[in-house]
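One structure is given here, and the rest of the page talks about it.
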Amino acid sequence: MADATSAHAPSYYAATTADREARPALAGRVRCDVAIVGGGFTGLNAAITLADAGRSVVLIEQNRIGWGASGRNGGQLHSGQRRDQHHLERAYGAETARRLWEMAEEAKALLHQRRIRHAIDCDWTPGLIHAAHKPRFVAEEWDYAEHLERVYGYDRIETLDRDALAAAIGTPGYFGGSRDTGAGHLHPLKLAQGLADAAEAGGVVIHEGTAATTVADRGGRVEIATPNGMIDAETVLLAGNGYLAGIDPDSEARVMPINNYILTTEPLSQEAADRLIPGREAVSDSRFVVYYWRLTADRRLLFGGGETYRRGFPPDMRSFVRSHLRNVYPQLAEAPVSHAWGGTLGVTRSRMPCLRRTRPGVYVAAGFSGHGVAMAGFCGHVAARAMLGDAERFDVFAGLAPSRFPGGRALRWPILVLAMSWFALRDRLG
């Protein structure tokens with residue numbers, strides 16, 4: 001069984017996923033076509049794609065499958081990239097923006113294709129509502145929905161006025177919004193475990209409790225050292241997202257780990273759940289430091305809010321998240337809480353994924369900036385396709401690779417704290 005250092009965080013997801021015996025740690029020397037570091041959505045999807053193409057794959061995870069952001073996140077599947085199409089058009093031009101939209105749609109399709117193909121029961125529920133927390137954002141929200149339909153042919157979004165939104169999310173605190181029926185929500189740890197099962201069924205060898213300590217070039221191949229073993233691979237994918245420290249300094253300079261927090265209430269009655277979100281959609285809002293929430297399959301309110309930018313979590317995560325929950329649902333400020341947990345995600349300066357070839361044989365896919373349910377797995381698939389000779393999608397992302405955070409490793413943390421604190425203050429002001 002897993003020891004205390006590799007067990008899952010005590011989250012709602014861990015409590016509602018079947019306990020499994022830990023896969024054995026790597027011991028000794030192994031040889032393979034591709035080695036993958038990281039057992040989340042990115043690494044697992046890359047492994048499936050490579051195994052489907054007949055490659056031998058060894059995947060190592062320093063803790064348990066889905067231990068990081070893939071098994072702790074809000075479970076929301078969004079349309080598009082982390083930055084909206086208006087921004088992408090301005091930043092990269094119409095042609096690249098269209099390609100990024102198309103790939104975001106491919107990302108959703110890949111997730112659904114794999115959960116259906118491999119019969120992964122992950123509580124998939126369609127529908128995602130976006131709520132404007134300031135009056136001036138409503139027109140922007142509606143204009144964006146119209147833009148997506150007119151320019152990109154995406155007709156799955158309906159606009160909601162203030163009354164319709166209040167009826168849909170059980171609070172009058174927002175001013176309008178939209179409902180995307182092409183998006184939705186799921187149980188991310190169940191998805192991660194199902195993907196791991198699918199990878200192993202395809203021949204992938206998975207070792208848990210196995211940290212990569214060094215990645216070195218050896219005679220045209222790449223060696224990954226671990227505490228009790230060594231992997232000799234033709235190609236390597238670093239898929240650690242917010243956990244890249246000490247493995248690849250250049251990627252670490254481009255992907256900043258930040259912490260985010262979630263709680264779940266005890267199960268609500270059917271009547272209470274219907275008063276909150278009768279359509280069972282997920283919800284996220286327009287704050288820079290986003291609030292996001294949904295009802296789980298057993299009618300708990302799962303609510304995410306608040307970030308910190310230092311190592312370590314607040315000592316009382318329940319109270320920390322409650323302070324944000326009461327801003328949306330004051331009637332639930334004292335509701336019994338069953339679980340509260342934190343997780344680390346990787347953000348980039350541009351909020352676009354960081355896909356790069358750092359040197360021959362070494363690929364990185366990281367930095368999904370809170371948009372990883374769709375994009376993390378897709379980017380793993382894209383990196384795998386590049387290894388197989390189909391690099392078009394990879395090269396689009398690589399051409400937009402986010403720049404390093406300013407200040408180097410010593411100053412990037414305080415600079416990030418100042419920037420994020422400013423945006424959080426802007427959320428609170430008019």
Side-chain angles (χ1 to χ4, degrees), residues 17 20 23 26 30 32-71 73 75 77 103-124 186-208 210 212 224 231 233-241 353 355 361-366 368 371-394 397:
T17 304
R20 298 179 179 213
R23 296 167 174 89
L26 176 66
V30 298
C32 60
D33 295 329
V34 183
I36 297 174
V37 178
F41 294 153
T42 308
L44 293 169
N45 276 279
I48 291 171
T49 299
L50 290 161
D52 284 348
R55 300 299 192 270
S56 62
V57 181
V58 174
L59 183 151
I60 60 173
E61 163 56 48
Q62 65 178 339
N63 293 290
R64 300 294 299 276
I65 290 297
W67 182 88
S70 293
N73 64 75
L77 178 71
M103 288 195 290
E105 286 294 284
E106 290 181 45
K108 293 191 299 184
L110 177 73
L111 186 153
H112 291 310
Q113 184 267 331
R114 287 187 169 170
R115 72 174 179 83
I116 293 168
R117 171 188 169 193
H118 300 293
I120 301 172
D121 180 6
C122 57
D123 301 342
W124 166 249
L186 50 76
H187 190 304
L189 185 54
K190 288 182 179 179
L191 176 61
Q193 288 195 349
L195 291 170
D197 292 342
E200 287 181 315
V204 175
V205 177
I206 298 177
H207 294 286
E208 295 179 302
T210 303
I224 300 176
I231 307 173
E234 179 181 342
T235 311
V236 168
L237 173 63
L238 301 180
N241 198 27
L355 270 69
V362 180
Y363 292 72
V364 173
F368 307 110
H371 207 64
V373 173
M375 293 310 302
F378 181 69
C379 287
H381 167 72
V382 164
R385 291 301 309 166
M387 295 174 189
L388 296 168
D390 175 14
E392 185 270 332
R393 293 168 180 81
F394 186 94
F397 284 118

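Below, each value reflects all heavy atoms present in this structure, side chains not excepted, and no hydrogens, waters or symmetry copies.
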Decide side chain to side chain contact (heavy atoms under 4.5 Å, CB included) for Asp123 and Lys190; before the verdict, give the C-alpha distance in whole Å, the side-chain angles of both, and the deciding distance to 0.1 Å. CA-CA 8 Å; Asp123 301 342; Lys190 288 182 179 179; 3.6 Å; yes

If we only count heavy atoms from C-beta on, is the Asp197 to His118 side-chain gap below 4.5 Å? no

Using the test side-chain hydrogen bond (donor to acceptor under 3.5 Å, both in side chains), find all partners of Asp390 that sit at least two apart in sequence or belong to another chain. none

Between Leu77 and Lys108, is there a side-chain heavy-atom distance shorter than 4.5 Å? yes

Are Tyr363 and Phe394 an aromatic pair by the rule of ring centers under 6.0 Å? yes

is_close_aromatic(Trp124, His112), centroid dist under 6.0 Å: yes

Residues two or more places apart in sequence or in another chain: which of them pass side-chain hydrogen bond (donor to acceptor under 3.5 Å, both in side chains) with Asn73? none

Applying side-chain hydrogen bond (donor to acceptor under 3.5 Å, both in side chains), name anything that partners Glu200, two or more places apart in sequence or on another chain. Arg23

Minimum heavy-atom separation for Leu189 and Ile65, please, with both atom names. CD1-O, 3.8 Å

State, yes or no, whether a side-chain contact exists between Met387 and Asp33 at a heavy-atom distance under 4.5 Å. no

Restricting to side-chain hydrogen bond (donor to acceptor under 3.5 Å, both in side chains), what partner residues turn up for Thr210, sequence neighbours left out? none

Please give me the minimum heavy-atom distance between Gly194 and Ile120, naming the atom from each residue. C-CD1, 3.5 Å

List in chain and number order the residues that pass side-chain contact (heavy atoms from CB on, under 4.5 Å) with Ala47, two or more places apart in sequence or in another chain; answer none if no residue qualifies. Ile36, Val57, Leu59, Ala199, Val204

So does Glu106 pair up with Arg393, basic N to acidic O under 4.0 Å? yes

Scan the side chains in residues 376-384 for donor-acceptor partners under 3.5 Å anywhere in the protein, sequence neighbours excluded, and list what turns up.
unit_1: His381; atom_1: ND1; unit_2: Thr49; atom_2: OG1; d: 2.8

